[in-house]
Amino acid sequence: MDFYKTKENYKNSILEMLRVSKEVRLFPLVDIQNSKVLEEKNFSPFVYKIIEELSKDFKCEIIKTDFEFQVKANYYLKIFK
């Protein structure tokens, strides 16, 4: 799978959601295998790249939640105008 095209697909989907809403929340932020489970903030490699690109036009916040989808998967990304 081509990393760049996949990231672009995520970005385009997020932008479309933001087009029709004021806010988008993405959860969980871990990769599909939760491969960084031993790290404190075990986010998918896409998270910071998406934030970097979208923060030019939107506010982005990583927020901790009490809900844990997988082990240590308890953060979500809030993107808003």
First locate atom [atom1] of [X], then atom [atom2] of [Y], and finally report the distance between them rounded to the nearest 0.5 Å.
{"X": "Y48", "Y": "S55", "atom1": "OH", "atom2": "OG", "result": "13.0 Å"}
{"X": "I14", "Y": "L54", "atom1": "CD1", "atom2": "CG", "result": "6.0 Å"}
{"X": "T65", "Y": "F27", "atom1": "OG1", "atom2": "CZ", "result": "6.0 Å"}

Is it true that K59 and E61 have a side-chain N and a carboxylate O under 4.0 angstrom from each other?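 No, K59 and E61 are not salt-bridged.
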What pairs with F80 under ring pair (Phe, Tyr, Trp, His ring centres under 6.0 Å), at least two apart in sequence or on another chain?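 F80 satisfies ring pair (Phe, Tyr, Trp, His ring centres under 6.0 Å) with no residue once adjacent residues are dropped.
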Are the side chain of K81 and the backbone of S21 linked by a donor-acceptor contact shorter than 3.5 Å?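 Yes, K81 side chain to S21 backbone: donor-acceptor pair under 3.5 Å.
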Side chains of [X] and [Y]: closer than 4.5 Å at any heavy-atom pair?
{"X": "L15", "Y": "F58", "value": "yes"}
{"X": "Q70", "Y": "V30", "value": "yes"}
{"X": "I51", "Y": "I62", "value": "yes"}
{"X": "L77", "Y": "V24", "value": "no"}
{"X": "Y76", "Y": "F67", "value": "no"}

If hydrophobic clusters are built from ILVMFWY residues whose side chains come within less than 4.5 Å, do L18 and V20 share one?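 In one cluster: no.
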Return the orientation label for the Y75 and F43 ring planes: parallel under 30°, perpendicular over 60°, tilted otherwise.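 Ring orientation, 0 to 90° scale: perpendicular.
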Test side-chain contact (heavy atoms from CB on, under 4.5 Å) on N74 and K64 and set out the steps. CA-CA 6 Å; N74 55 344; K64 189 170 185 175; 3.4 Å; yes
When you look at E16 and R19, which way does the salt bridge (charged side-chain N to carboxylate O under 4.0 Å, His left out) test go after all the steps? CA-CA 5 Å; E16 181 60 18; R19 185 183 70 78; 2.8 Å; yes
Minimum heavy-atom distance between L29 and L26, given as atom pair plus value: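 Heavy-atom minimum between the residues: CD2-O, 3.5 Å.
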